[in-house]
Asker: 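The structure follows.
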Protein chains: 2
Amino acid sequence: MKDFRVNDVAARANVSVGTVSNVLNRPEMVAIATRERVEAVIAAMNYVPNERARQLRAGTSSMIGFVMLDAGNPFFMDVARGAENAASALGLTVLLGNSDDDASREDSYLEAFELQRVRGVLVSPTRDIGARVRSLRERRIPSILIGRAHSPAAASSVSVDDVAGGLLAAEHLIGLGRTRLSFVAGPLHIRQVTDRLAGAQSAVARSSAATLELFGATSLSIQAGRVIGRQIAGRRPRDRPDAIFAANDLLAIGILEAITLSEVPIRVPDDIAIVGYDDIEYARSAVVPITSIRQPSAEIGATAIRLLLEEASDLSLEPRDVTFQPCLIERASTVQGSA
Amino acid sequence: MKDFRVNDVAARANVSVGTVSNVLNRPEMVAIATRERVEAVIAAMNYVPNERARQLRAGTSSMIGFVMLDAGNPFFMDVARGAENAASALGLTVLLGNSDDDASREDSYLEAFELQRVRGVLVSPTRDIGARVRSLRERRIPSILIGRAHSPAAASSVSVDDVAGGLLAAEHLIGLGRTRLSFVAGPLHIRQVTDRLAGAQSAVARSSAATLELFGATSLSIQAGRVIGRQIAGRRPRDRPDAIFAANDLLAIGILEAITLSEVPIRVPDDIAIVGYDDIEYARSAVVPITSIRQPSAEIGATAIRLLLEEASDLSLEPRDVTFQPCLIERASTVQGSA
DNA sequence: GCCTCCCGTTGAGACGGTTCAATGCTGAGC
DNA sequence: GCTCAGCATTGAACCGTCTCAACGGGAGGC
C-alpha cells in the first residue's frame, strides 16, 4: 500500500541502491544472477521509480508540452497527432494544453511547463508571447511556434505560407468568375487570419473586376460562422457577396449551414461559392462539401518536434523558420459536380 | 543565461535558503523589509522555482492527467474543457493525452502520469484497465473513469446511462413507424458501444414489428462511417434498413455523407432516418442536421474532477459511480422540417 | 603464495527545493 | 540589570534517484 523506494528494493534484494539503479538504467553492467534477483524483487514489490526524482537528478525531462490555440479544431489535433507520433518514436511524451484563444490560459500552461522544466514546448500562440518564450529560453527550454511568429527572432517556427493560401483561395474564386468576394475573419490578433486576408487582398488587387468585403467573426468557430451566415442571408440578394472565403473551415461550416438553411435558402455554389481553410475532415462532410486550403498538418507537428530536439541539444542554434506550402482542394462548394 | 537556484537568490539577498523558501510559500511569516528585499532579488534574477524539486519534497503535484479515447472527437474535448475549467479554478492543471483507442498508447500515457506522480488521473478507457488503475492506487494516485467501468470496483466512474440512451434512440425511431432498424457499432471492446446496443435491443424487443440489424464499423470515426454508408447504399432498396442508429455522431456523419452523396441518392429521413450519439456541434451542421443523444459533457468533466479531489484527500473512499441521464435532440435526419 | 587485473558492487554526494528544531535578537516587565 | 517571551532567521536533514570514485574478491600469472 505504500510507495516503495529504491532503498526498499535494495534492502529486500540484499544489494545496494546503486545496484538497483544500475539494473534499471544500465542492466548490462550488472551480473546476470544479481540482475535477475533484483528484477524479481522489483516485480514482486511492484516498484515504479519516481520520475520526478529521476529527472531532478538527471536534469532532463522526457515530456514535451504543446499549448494549442483550439483543441476543438481538428486541424490542431492533427498537428498534435503528428507531433505525438514523432515524439513517441523517440520515447518522449507530448502533453497537451488547450488555451482556447485565451491569453491567460495560454500563459498558465506555459508557466506550468516552465515550472516542470519540460524538454521543450510547442505553441500555437494566441498573440505575441515573446516574453514568455525568452523566459523559457533562460531555463534552457526551447520553444517552437506553430504558425508564424509575431516577434521574429524569439523562437523557431513551423508554419504554412498563409499569404499564399489566401492568394490561392481568392484566385480560385476569381477564376470562377466571381467578383463580389468577401473574407470572413476571425480575431485579428491571430496571425494566420491577417495573413490569409493579406493573400486574398493581393489577389483581388490584381483583378480589375473583383472587390473584397470584410466580415469580422468573433472567433474561429462554427457558432461564429452561423452568426455571419445569418447576417449575409439577411441581406437583399443583390447586396450579398457571390463568394465567401472563410478564415477557417469551422467558420465556413457555420456560414454554410446558416445560409443554406435560411428561410429563403441560398444555393451553394450557384448563388454563393465558399472556400474554407485547413481542410478538416468535417469540411468534406458538410451540407455541401467545402472547397478548402489544405495544410500538411501531421508533417507540421513532426517537423516541430524535430526542430525542438535539435535546439534542445544545441541551445546556441539560431531561430529558424520552416514554411510549408498549402494547396487547394476543390469540392462542391465552389465547383458544381465535384466530389 | 543560467537557471538560478534558491541558493543564488539567498546569497544575493543576504538571507538563508529557508527564508527565500518562506517568502515564496509562507510570506506572512517573514518580516516585511526582508520579504520585499527577497522579492526584489527574485524579480531581478527572474528566478523560477523548480517544480519537480518542490514536488519531490512536498510529495504532491498540481497536475491532473486526462487520457482521452479520441481527442479528435469533440465530445471528449468538451469533457476535457469541463474538467479544465473545474481544475483551473482550484489552481490545478489538466494535461491531456490522446490514446486514439490504442491500448499501448493509453498505457504509455498512464505510465507517464504514474511516473510523474500526478495528483490524479481521468481516463476514458479503451478497454479493461483494472490492473493499471490498481497500480496507480498503490501509488496513492486516484483515477476516475469517464464512462462505465469494465471491472466494477476498480475505480470511481462518471458516466451517462448509455443503455437508456440506446433505448431513447431506438424508441424514437420505432415511434416514427420505422421497423427495419440497424445499429452501427464501433469496436465492441468499448463499453459505450455495447451499452448503446443493449438499449437499442431492448427497445426493439418490446416492439412487435421492429427488427435490428447489426453493422460493425472498424472505429468510431467519420471514415469508418463512410464505409458502412457505402455498404448500405450498395444494397437493393428493399434490403436496406429504414432507420440507422449510429454508435456516435462521427459515424453518423460519415454514413449520412456516403448515402446522400451516392450515385442514386438515398433521401434522409424519407428513405432512411438516422440517429447519432453525443450531439457534437458538427451533427447540427451536417448535410442533414442529425438527430442525436445529448450528454452533459462539461458537467461530466467537472464532476470527474470533483470526485478525483475527494478521493485524493481521502484514499479510503469506496469507488462511486455517478450516472447522468441522456436526452434526445430531434433534428431533420429523423423528423422532416425540424431544425 | 603473492601480486595484478578486472569485474561487480558499494555508498556517499548531488540535484533543488521544503521543513522544522534551534538560535539570535529585541523589547517588555519587574 | 536580569529574565523571559516572542518573533525572525538560520541551516541541517530530507524527498527519491543517479553517478562515480573507491572497494572487495576471485582468477590467473609468475
Side-chain angles (χ1 to χ4, degrees), chain A residues 2-39 41-42 45-63 112 114-119 138-141, chain B residues 2-39 41-42 45-63 112 114-119 138-141:
Chain A
K2 233 197 106 266
D3 212 359
F4 292 110
R5 296 160 314 196
V6 65
N7 267 318
D8 304 320
V9 176
R12 196 114 96 93
N14 283 321
V15 293
S16 75
V17 291
T19 302
V20 176
S21 177
N22 284 334
V23 168
L24 290 167
N25 304 299
R26 302 183 276 175
E28 72 285 355
M29 81 177 315
V30 59
I32 297 186
T34 314
R35 189 201 315 172
E36 285 175 349
R37 183 155 42 94
V38 174
E39 280 170 348
V41 172
I42 288 177
M45 300 175 94
N46 187 21
Y47 164 72
V48 174
N50 184 325
E51 185 70 10
R52 280 203 305 251
R54 179 197 296 243
Q55 291 177 1
L56 170 60
R57 173 64 232 236
T60 173
S61 164
S62 61
M63 309 252 143
E114 180 172 356
L115 291 171
Q116 284 288 321
R117 303 287 197 275
V118 296
R119 182 79 69 90
E138 277 181 29
R139 313 255 114 61
R140 311 176 178 205
I141 301 174
Chain B
K2 232 198 106 266
D3 212 358
F4 292 111
R5 296 163 315 211
V6 63
N7 268 317
D8 305 319
V9 175
R12 196 116 95 94
N14 282 321
V15 292
S16 75
V17 291
T19 301
V20 176
S21 175
N22 284 334
V23 168
L24 290 167
N25 303 299
R26 302 182 276 174
E28 72 286 356
M29 81 177 316
V30 61
I32 296 186
T34 315
R35 189 200 316 174
E36 284 175 350
R37 183 155 42 94
V38 174
E39 280 169 349
V41 172
I42 288 178
M45 301 175 95
N46 187 21
Y47 165 73
V48 174
N50 183 326
E51 186 69 8
R52 280 203 304 252
R54 179 198 295 246
Q55 291 177 2
L56 172 60
R57 174 66 229 227
T60 173
S61 164
S62 61
M63 308 253 143
E114 180 172 356
L115 291 171
Q116 284 288 322
R117 304 285 197 275
V118 296
R119 180 79 68 92
E138 278 181 29
R139 312 253 116 62
R140 309 176 181 208
I141 302 174

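Residue numbering restarts at 1 for every chain, and letters A, B, ... go by the order of the sequence lines. Because the structure is a prediction, the values reported are computed rather than measured.
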Asker: Measure the CE-CD distance between A:Met45 and B:Glu138 for me, rounded to the nearest 0.5 Å.
Answerer: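 Here the rounded value is 11.0 Å.
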Asker: Mind checking what makes side chain to side chain donor-acceptor pair (under 3.5 Å) contact with A:Gln116, not counting sequence neighbours?
Answerer: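 Side chain to side chain donor-acceptor pair (under 3.5 Å) list for A:Gln116, sorted by chain: empty.
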Asker: To the nearest 0.5 Å, how far apart are CD in A:Glu51 and OG in A:Ser61?
Answerer: 7.0 Å
Asker: Can A:Thr19 and A:Ser16 be said to form a side chain to side chain contact (heavy atoms under 4.5 Å, CB included), step by step?
Answerer: CA-CA 5 Å; A:Thr19 302; A:Ser16 75; 3.4 Å; yes
Asker: Nucleotides 22-24 of chain C: which of its N/O atoms have a protein N/O under 3.5 Å away?
Answerer:
none

Asker: To the nearest 0.5 Å, what is the distance between CZ (A:Arg35) and CD1 (A:Ile42)?
Answerer: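 Going from the CZ atom of A:Arg35 to the CD1 atom of A:Ile42 covers 11.5 Å.
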Asker: Check whether A:Arg37 reaches the backbone of A:Ala13 with its side chain - one donor and one acceptor, N or O, closer than 3.5 Å.
Answerer: yes
Asker: We want to know whether A:Arg139 and B:Asn50 form a side-chain donor-acceptor pair, criterion being a heavy-atom distance below 3.5 angstrom.
Answerer: no
Asker: What pairs with B:Arg117 under salt bridge (charged side-chain N to carboxylate O under 4.0 Å, His left out), at least two apart in sequence or on another chain?
Answerer: A:Asp3
Asker: Can you pull out how bent the helix from C:dG1-D:dC30 to C:dC30-D:dG1 is, comparing the axes over its first five and last five pairs, to 10°?
Answerer: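 One end axis against the other gives 60°.
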Asker: Once each nucleotide of nucleotides 4-17 of chain C is scored for protein heavy atoms under 4.0 Å, what B/S/- sequence comes out, 5' to 3'?
Answerer: ----SSBB-BBBBB
Asker: Pairs of donor and acceptor atoms involving the side chains of residues 26-34 of chain A, under 3.5 Å and at least two apart or interchain, shall be tabulated with distances.
Answerer:
{"unit_1": "A:Arg26", "atom_1": "NH2", "unit_2": "A:Asn22", "atom_2": "OD1", "d": "3.4"}

Asker: In sequence, state the C-alpha distance, the side-chain angles, and the governing distance for A:Asn25 and A:Arg54, and then conclude on side chain to side chain donor-acceptor pair (under 3.5 Å).
Answerer: CA-CA 11 Å; A:Asn25 304 299; A:Arg54 179 197 296 243; 3.2 Å; yes
